[in-house]
K.L.:
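Here you go, one structure.
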Amino acid sequence: MPTALTRRVSPAIIHCELTHLERQPIDYPNALRQHAAYEACLEALGCRVQQLPGDRGMPDCVFIEDTALVLDEVAVITRPGAESRRSETAAVSEALAAYRSLYFIEPPGTLDGGDILRLGKSLYVGISGRSNAEGIRQLSSLLGPSGYTVQGVPLSDCLHLKSAVTQVADDILLVNPRWVDPAVFVDWRLVEVDPQEPYAANALLLGEAVVYPSAYTRTAARLERLGLSLRLVDASELAKAEGGVTCCSLIL
Ligand code: GLY
């Protein structure tokens with residue numbers, strides 16, 4: 001049974017990092033309810049959910065994906081690009097040490113897990129405002145000996161690579177072609193987000209199911225037409241904090 005590591009929403013989430021969105025009020029009780037429903041969805045899909053405590057001093061800590069890359073062999077603890085988020089890694093590395101040997105990204109490298117798209121042994125890493133060339137170089141040198149290839153991918157107008165592209169089936173990627181060049185993924189079958197839903201490319205593939213935000217109805221219809229099995233979750237409060245469905249868990 002896979003474990004999904006999650007982290008409770010911080011009561012300070014209203015002070016989260018924002019890069020491409022205007023700050024809006026966030027309804028904290030509603031964010032907690034939506035997060036609990038997301039965790040229930042992961043449980044219904046067969047995961048054991050292990051929730052780490054939230055932290056008042058870490059507004060973005062619910063977005064646990066950014067703190068680590070978990071592979072079958074090892075986990076890499078990142079060094080998040082936003083300084084306000086660096087302290088998030090301590091509790092995550094303590095929890096992950098029970099499951100994996102750990103590697104660490106060291107200064108001056110920066111790397112956010114949201115920038116890492118793993119497709120088999122290929123790791124695509126967004127060259128973003130959060131992940132720098134040194135972080136990508138360190139990732140490559142840490143994981144090359146285990147047979148992984150690491151490729152930097154230019155982005156425009158979005159926070160992370162997985163804002164722009166995620167895997168939705170064994171052979172299909174969901175992509176926003178305005179934010180990442182689809183030509184990077186030539187060997188894949190691509191489905192584009194509806195142009196009216198630029199934030200719709202972030203989906204979480206778990207087994208055969210796709211955990212997906214209920215807000216993006218047009219793109220959801222495209223995915224369903226391909227025969228994909230969607231599990232819709234209301235992620236609207238955390239979307240105001242510039243987070244998506246992959247951001248809220250690490251699947252082990
Ligand atoms: N608020 C999510 C992030 O900027 O990291």
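Note that the structure is a prediction, hence the values are computed from the model and not measured. All ligand and atom numbering here is 1-based and tracks the order in the structure.
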K.L.:
For Gln24 and Lys240, indicate whether the former's side chain and the latter's backbone hold a donor-acceptor pair under 3.5 Å.
P.N.:
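Flag not set: sc Gln24 to bb Lys240 has no pair under 3.5 Å.
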K.L.:
Would you call Asp115 and Arg130 a salt bridge, using N to O less than 4.0 angstrom?
P.N.:
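Salt bridge: no.
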K.L.:
Does Thr19, backbone or side chain, put an N or O under 3.5 Å from an N or O of ligand 1?
P.N.:
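No, since none of the N or O atoms of Thr19 sits under 3.5 Å from an N or O of ligand 1.
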K.L.:
Indicate yes or no: does an N/O atom of Asp66 lie under 3.5 Å from an N/O atom of ligand 1?
P.N.:
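No: no nitrogen or oxygen of Asp66 is under 3.5 Å from one in ligand 1.
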K.L.:
Please check whether Glu242 reaches ligand 1 - meaning an N/O of the residue sits under 3.5 Å from an N/O of the ligand, judged on distance alone.
P.N.:
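Between Glu242 and ligand 1, no N or O pair is found under 3.5 Å apart.
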K.L.:
If hydrophobic clusters are built from ILVMFWY residues whose side chains come within less than 4.5 Å, do Val168 and Trp179 share one?
P.N.:
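Yes.
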K.L.:
Where on Leu159 is there a heavy atom closer than 4.0 Å to ligand 1, on the side chain, on the backbone, on both, or on neither?
P.N.:
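Side chain only.
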K.L.:
Please report which non-hydrogen protein atom sits nearest to atom 4 (O) of ligand 1, along with the residue it belongs to and the distance in Å to one decimal place.
P.N.:
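Going atom by atom, the protein heavy atom closest to atom 4 (O) of ligand 1 ends up being Arg130 NH2, 2.7 Å.
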K.L.:
Can you pull the side chain to side chain donor-acceptor pair (under 3.5 Å) pairs that have at least one residue in residues 162-172, sequence neighbours excluded?
P.N.:
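Counting only pairs at least two positions apart or across chains, the side chain to side chain donor-acceptor pair (under 3.5 Å) contacts touching residues 162-172 are Glu65-Lys162.
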K.L.:
Name all residues meeting the salt bridge (charged side-chain N to carboxylate O under 4.0 Å, His left out) criterion together with Arg137; count only those two or more places apart in sequence or in a different chain, and write none if there are none.
P.N.:
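In terms of salt bridge (charged side-chain N to carboxylate O under 4.0 Å, His left out), with neighbours along the sequence ignored, Arg137 is linked to Glu134.
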K.L.:
Step by step, work out the side chain to side chain contact (heavy atoms under 4.5 Å, CB included) result for Arg79 and Thr89.
P.N.:
CA-CA 8 Å; Arg79 183 167 179 268; Thr89 57; over 6 Å; no
K.L.:
Need the ligand 1 atom indices (1-based, order shown) with element for anything under 4.0 Å from a heavy-atom of Arg85.
P.N.:
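So the answer, numbered in order with elements, is 3 (C), 5 (O).
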K.L.:
For Ala241, take its heavy atoms, then give the atoms of ligand 1 lying under 4.0 Å from any of them.
P.N.:
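Listed by number with element: 1 (N), 2 (C).
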K.L.:
Using non-hydrogen atoms of the residue, decide whether Asp60 is closer than 4.0 angstrom to ligand 1.
P.N.:
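True for this residue.
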